[in-house]
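Worksheet: the structure to be examined is printed underneath.
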2 protein chains.
Amino acid sequence: MTLAEENYLKAIFHLELETAGEISTNAIAERMDTKPSSVTDMVQKLSEKKLLIYKRYKGVSLTEAGRKVAAGVIRKHRLWEVFLVEKLNFHWDEVHEIAEQLEHIQSEELITRLDQFLGSPDFDPHGDPIPDKHGVLKRTEKKLLSEIEKNQQGICVGVKESSPEFLQYLDKKKVSIGTKITVLGKEFFDGSMIIQVFDDQFFISKTVAENIYVQTI
Amino acid sequence: MTLAEENYLKAIFHLELETAGEISTNAIAERMDTKPSSVTDMVQKLSEKKLLIYKRYKGVSLTEAGRKVAAGVIRKHRLWEVFLVEKLNFHWDEVHEIAEQLEHIQSEELITRLDQFLGSPDFDPHGDPIPDKHGVLKRTEKKLLSEIEKNQQGICVGVKESSPEFLQYLDKKKVSIGTKITVLGKEFFDGSMIIQVFDDQFFISKTVAENIYVQTI
DNA sequence: ACATATTTTTAGATTTGCCTAAAAATATAA
DNA sequence: TTATATTTTTAGGCAAATCTAAAAATATGT
Ligand SMILES: [Mn+2]
Ligand SMILES: [Mn+2]
Ligand SMILES: [Mn+2]
Ligand SMILES: [Mn+2]
């Protein structure tokens, strides 16, 4: 597997989780910040390697083999993110770029030992689940903060968007994984909310509420 | 810096330590397991980037900039080897291939923190010195076991060759970094030796003796 | 010194992954 | 349903890093 191939499989894997049905060339190109013609080239190659099913003009879907490769890369990415945060004291908004590189290091044994060293974590620093060694990704019950009603409470268990900018915003508001959030008010008109975090009460936009995952309590 | 460029600079750096004078195209090709014509292409590119001095038919020598890049890559390689052995419990004969990949991860901050996490080690698991953050490599006093005379003693401080095969041979003989070695006999004819390691006395060839570094005591 | 051997460079291809521009297929809308 | 817009593919090229084969420069031995 080359670096480029791994990145394509990973992107398609993520798109399949977010999207119903076949994944279009354009969607992949947008996600990967490249041109549709480049995507066509690559999916033809991956199709020959039996990592995905491709029908001209009809989009692609991963085969079991392709899904496994993708899950393996995501497993590595997330384990390295845990390492960077837990062991090297990086902040959660600093690790993604470095993990993008580390996820391509090839060594079964390395990942086995890294996983052990980290205590076989189930989630990465952004609350995303870590696939097991067979590529199985267990889904947990969680909803978006925007779906929570007034006077209900939730524990933050993850973020949908994990750009440094958004994560730094959450820091400023003292929201991190495990933080209790109480919805004090919800504006019907624009979906904005007043929430309480520890002793602070403040306003958040619908956009923010749609990017925080919670478990209701 | 691309991966290929970094590997060329690293190879030339090592060749300069081992060789007097200019480094030939052929020497680089042999070290890198590639063809001389490929080397010519690459050194022309690196020359344009001012990372080395190249004169047609005359060989190359690193500039200060090139030396710094090379030392940086070697620093990363050796720090990662320490990590793999000290933290992930890899054996010293298993880490080189993985470090060959990890040495190309780009992040100043990562190396700063990794170094800290490891307690700023001075040597890697094979006894090789780790360049500091400015690319300075301090040389320590050491000689080859083959240079030691009969009845003298030395502490193993490193290995010249560090292939898995050789390291596994040393393991079998219970020789590792820090091990005391006593030369009980030395054959003038072929340079072979009888040495004592802990309570064992055994024969070693000149080849073996020429690949173990010791400090006399 | 001169022929021969060796080293090094050049010329021309190849592979991977990407691009732009144009053509072909598909979707949408009057 | 036919024209228009959008999506997707094809055609042709480019840059990086490699290769083989041939030419050029340098080294060596008698
Ligand atoms: Mn990430
Ligand atoms: Mn993550
Ligand atoms: Mn090594
Ligand atoms: Mn080493």
Side-chain angles (χ1 to χ4, degrees), chain A residues 1-13 15-16 18-62 66 69-70 73 100-101 103-106, chain B residues 1-13 15-16 18-62 66 69-70 73 100-101 103-106:
Chain A
M1 295 270 63
T2 69
L3 187 142
E5 288 171 345
E6 287 191 342
N7 282 335
Y8 272 93
L9 292 173
K10 190 175 53 137
I12 296 166
F13 183 96
L15 286 167
E16 285 193 342
E18 296 161 18
T19 321
E22 309 280 274
I23 306 304
S24 75
T25 303
N26 257 19
I28 299 168
E30 186 159 341
R31 163 73 66 126
M32 302 203 54
D33 202 27
T34 185
K35 304 292 165 183
S37 55
S38 304
V39 173
T40 301
D41 281 351
M42 183 56 94
V43 298
Q44 281 170 354
K45 193 169 82 167
L46 293 172
S47 172
E48 271 162 38
K49 290 193 174 190
K50 310 281 184 208
L51 294 163
L52 49 78
I53 310 290
Y54 166 65
K55 284 201 184 108
R56 263 155 66 264
Y57 296 103
K58 295 295 180 188
V60 304
S61 61
L62 293 180
V69 172
V73 175
E100 284 290 305
Q101 299 178 61
E103 73 188 5
H104 301 291
I105 302 292
Q106 308 283 11
Chain B
M1 294 272 64
T2 70
L3 188 141
E5 288 171 345
E6 287 191 343
N7 282 336
Y8 272 92
L9 292 174
K10 190 175 52 136
I12 296 166
F13 183 96
L15 286 167
E16 285 193 343
E18 295 162 19
T19 319
E22 310 279 274
I23 306 305
S24 77
T25 304
N26 257 20
I28 299 169
E30 186 160 340
R31 162 73 65 126
M32 301 203 55
D33 202 26
T34 185
K35 303 292 165 183
S37 54
S38 304
V39 174
T40 301
D41 281 353
M42 182 57 93
V43 298
Q44 281 170 355
K45 192 169 81 164
L46 292 172
S47 172
E48 271 162 37
K49 291 194 175 191
K50 310 283 184 207
L51 293 164
L52 48 77
I53 309 291
Y54 166 64
K55 284 202 185 108
R56 263 157 64 264
Y57 295 103
K58 295 295 178 189
V60 304
S61 62
L62 293 180
V69 172
V73 175
E100 283 291 305
Q101 299 178 61
E103 73 188 5
H104 301 290
I105 302 292
Q106 308 283 12

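Just so we're on the same page: letters track the sequence lines, and every chain starts at 1.
- From B:Ile12, atom CD1 reaches atom CG of B:Leu62 across 5.5 Å, with rounding to the nearest 0.5 Å.
- The nearest whole Å value for the distance from the CZ atom in B:Arg56 to the C1' atom in D:dT26 is 12 Å.
- Taking side-chain N and O atoms only, B:Tyr54 has a distance below 4.0 Å to OP1 or OP2 of C:dT9.
- At the heavy-atom level, B:Ser38 lies under 4.0 Å from base atoms of the strands shown.
- Between the side chain of A:Glu6 and the backbone N or O of A:Met1 there is no donor-acceptor pair closer than 3.5 Å.
- Using a 4.0 Å cut-off between charged nitrogen and carboxylate oxygen, B:Lys55 and B:Glu22 do not count as a salt-bridge pair.
- To the nearest 0.5 Å, atoms CD (A:Glu30) and CG (A:Leu15) are separated by 9.5 Å.
- At a cut-off of 3.5 angstrom, the base of D:dT8 holds no donor-acceptor pair with the side chain of A:Ser37.
- The CG-C1' distance, from A:Asn26 to D:dA5, rounds to 13 Å in whole Å.
- Rounded to a whole Å, the CD1 atom of A:Ile23 is 16 Å from the P atom of D:dT7.
- Taking atom NZ of residue A:Lys58 and atom P of nucleotide D:dT9, one finds them 11 Å apart after rounding to whole Å.
- Phosphate proximity of C:dT9 to B:Gln44: absent, as no side-chain N or O sits under 4.0 Å from OP1 or OP2.
- The nearest whole Å value for the distance from the CG atom in A:Asp41 to the P atom in C:dT15 is 15 Å.
- In this structure, B:Met42 atom CE and C:dT10 atom P are separated by 16 Å, rounded to whole Å.
- Atom P of nucleotide D:dT7 and atom CD of A:Glu22 are separated by 17 Å, given to the nearest angstrom.
- Between B:Tyr57 atom OH and C:dT6 atom C1' the separation is 12 Å, expressed in whole Å.
- Between B:Thr2 and D:dA16 there is no side-chain N or O to OP1 or OP2 distance below 4.0 Å.
- Shown here for A:Arg31 and A:Ala11, the closest heavy-atom pair between the two residues is CG-CB, 3.8 Å.
- In this structure, A:Thr40 reaches the bases: a heavy-atom distance under 4.0 Å links it to at least one base atom across the strands shown.
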